2 protein chains.
Amino acid sequence: MKNYIRDNRSERGMTQDDLAEVLGVSRQTIISLEKGRYNPSLELAFKLAGVFGCRIEDLFDPEEE
Amino acid sequence: MKNYIRDNRSERGMTQDDLAEVLGVSRQTIISLEKGRYNPSLELAFKLAGVFGCRIEDLFDPEEE
DNA sequence: GGGTAAAGTAAAGTAAGTTTTACGTAAAGG
DNA sequence: CCTTTACGTAAAACTTACTTTACTTTACCC
């Protein structure tokens with residue numbers, strides 16, 4: 001499942017470490033997420049949408065990939 | 001995390017078995033989901049929104065519980 | 001009462017998300 | 001050069017989503 005986490009993160013000038021910390025997850029989780037290595041839990045998806053001020057549907061595209 | 005899966009399901013006259021089958025998961029998964037025993041994967045959340053023709057944010061409330 | 005459909009519980013097992021630790025690389029600055 | 005910052009990889013350990021199987025309960029209907 002494709003996602004736009006990296007785009008949103010760098011648009012805001014955040015490092016992977018920053019994002020991991022504000023989300024309360026490890027940096028490894030961010031790296032793997034951005035690389036599309038797995039699909040996050042719904043809870044993490046909601047946190048991401050919260051941080052970026054958008055909806056889950058704006059961050060993830062279930063159609064692609 | 002609170003959800004409105006049971007409401008949406010029974011509004012449509014579906015049984016837990018029906019929903020499980022159309023989602024491609026086990027009935028146990030539906031039971032546990034409706035009981036709020038765990039948070040689903042994002043992929044399952046997208047499938048649910050697809051079946052019910054709504055957005056994830058309409059099915060799950062990350063604030064409550 | 002017996003039969004069946006829908007929902008529930010419980011436990012053990014498998015699959016996948018997430019963490020932790022440790023090391024590698026490339027770019028930027030002093 | 002050397003250090004620091006940001007990003008990457010890899011593997012083992014842990015946690016939790018999800019499956020499978022088997023059995024229970026409730027209600028409705030004949």
Side-chain angles (χ1 to χ4, degrees):
Chain A
M1 169 156 44
K2 191 174 182 182
N3 72 67
Y4 305 95
I5 297 173
R6 162 150 297 183
D7 302 322
N8 276 271
R9 173 175 65 81
S10 44
E11 275 173 13
R12 286 163 180 77
M14 303 179 76
T15 110
Q16 292 175 334
D17 250 325
D18 294 337
L19 183 55
E21 196 172 354
V22 67
L23 289 170
V25 299
S26 70
R27 186 171 65 94
Q28 265 312 311
T29 297
I30 304 301
I31 292 175
S32 296
L33 262 183
E34 292 190 349
K35 292 268 166 189
R37 295 225 174 86
Y38 58 78
N39 303 123
S41 66
L42 181 57
E43 190 182 8
L44 183 50
F46 264 116
K47 283 184 188 167
L48 280 159
V51 168
F52 294 142
C54 63
R55 288 177 302 146
I56 289 178
E57 286 84 355
D58 300 324
L59 274 183
F60 295 90
D61 185 357
E63 307 296 327
E64 265 193 76
E65 219 137 335
Chain B
M1 168 154 45
K2 189 175 182 182
N3 72 68
Y4 303 95
I5 297 173
R6 161 151 298 183
D7 302 322
N8 277 270
R9 174 175 64 79
S10 44
E11 275 173 13
R12 287 162 180 78
M14 303 178 75
T15 106
Q16 292 176 334
D17 249 324
D18 294 337
L19 183 56
E21 196 171 354
V22 67
L23 289 171
V25 299
S26 71
R27 187 171 64 94
Q28 264 313 312
T29 297
I30 304 300
I31 291 174
S32 296
L33 261 183
E34 293 190 349
K35 291 267 165 189
R37 294 222 175 89
Y38 56 75
N39 303 122
S41 65
L42 181 57
E43 189 182 9
L44 184 50
F46 265 117
K47 283 185 189 169
L48 280 159
V51 167
F52 294 142
C54 62
R55 288 178 302 145
I56 290 178
E57 286 84 356
D58 300 324
L59 275 182
F60 295 90
D61 185 357
E63 306 299 325
E64 267 193 77
E65 223 136 339

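Convention: sequence-line order gives letters A, B, ...; per-chain numbering from 1. Values below: every heavy atom of this structure, side chains too, minus hydrogens, waters and symmetry copies. Just so it is clear, the structure is predicted and the values come from calculations on it, not from any experiment.
Phosphate proximity of dG8(D) to Gln16(A): present, with a side-chain N or O under 4.0 Å from OP1 or OP2. Side-chain nitrogen and oxygen atoms of Arg9(B) include at least one within less than 4.0 Å of the OP1 or OP2 phosphate oxygen of dA7(C). For dC18(D), the OP1/OP2 oxygens have no side-chain nitrogen or oxygen of Thr29(B) closer than 4.0 Å. Side-chain N/O atoms of Arg27(B) include none lying less than 4.0 angstrom from OP1 or OP2 on dT9(C).
Put simply, CG on Leu19(B) is 17 Å from C1' on dA5(C), counting in whole angstrom units. Rounded to an integer number of Å, the gap from Leu33(B) CG to dG8(C) P is 12 Å. In this entry the distance linking CD of Glu21(B) with P of dA7(C) reads 14 Å, nearest Å. In this structure, Ile30(A) places its CD1 atom 13 Å from P of dT20(C), rounding to the nearest Å. Put simply, CD1 on Ile31(A) is 12 Å from P on dA10(D), counting in whole angstrom units. As rounded to whole Å, 11 Å separates atom P of dC7(D) from atom CE of Met14(A). Atom CD in Gln28(A) sits about 8 Å away from atom C1' in dT9(D), given to the nearest Å.
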List, with names and distances, any nitrogen or oxygen atoms from the protein found under 3.5 Å away from nitrogen or oxygen atoms belonging to nucleotides 14-17 of chain C.
residue : atom : partner  : partner atom : Å
dG17(C) : OP1  : Asn39(A) : N            : 3.3
dG17(C) : O5'  : Asn39(A) : O            : 3.4

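The base of dT16(D) is not paired with the side chain of Glu43(A) by any donor and acceptor separated by under 3.5 Å.
Nearest heavy-atom pair across Cys54(A) and Leu59(A) is SG-CG, 3.6 Å. Residues Arg55(A) and Ala49(A) approach most closely at C-CB, 4.1 Å, considering heavy atoms. Counting all heavy atoms, side chain and backbone alike, Ile56(A) lies closest to Ala45(A) at CG1-O, 3.9 Å.
When each of dG8(D), dT19(C), dA7(C) is scored by its nearest atom to the side-chain atoms of Glu34(A), the top-ranked nucleotide is dG8(D). If you check dT9(C), dC18(D), dA6(D) against the side chain of Lys35(B), the one that comes closest is dT9(C).
Under a hydrophobic clustering in which Ile, Leu, Val, Met, Phe, Trp and Tyr are joined whenever their side-chain heavy atoms come within less than 4.5 Å, directly or via other members, Val51(B) and Leu44(B) fall into the same cluster.
Side-chain atoms of Asn3(B) come within 3.5 Å of backbone N or O of Leu33(B) as a donor-acceptor pair. Without hydrogens or angle criteria, Arg9(B) side chain to Met14(B) main chain gives a donor-acceptor distance under 3.5 Å.
Side-chain contact between Glu21(A) and Asp17(A): absent, with no pair of heavy atoms (C-beta onward) separated by less than 4.5 Å.
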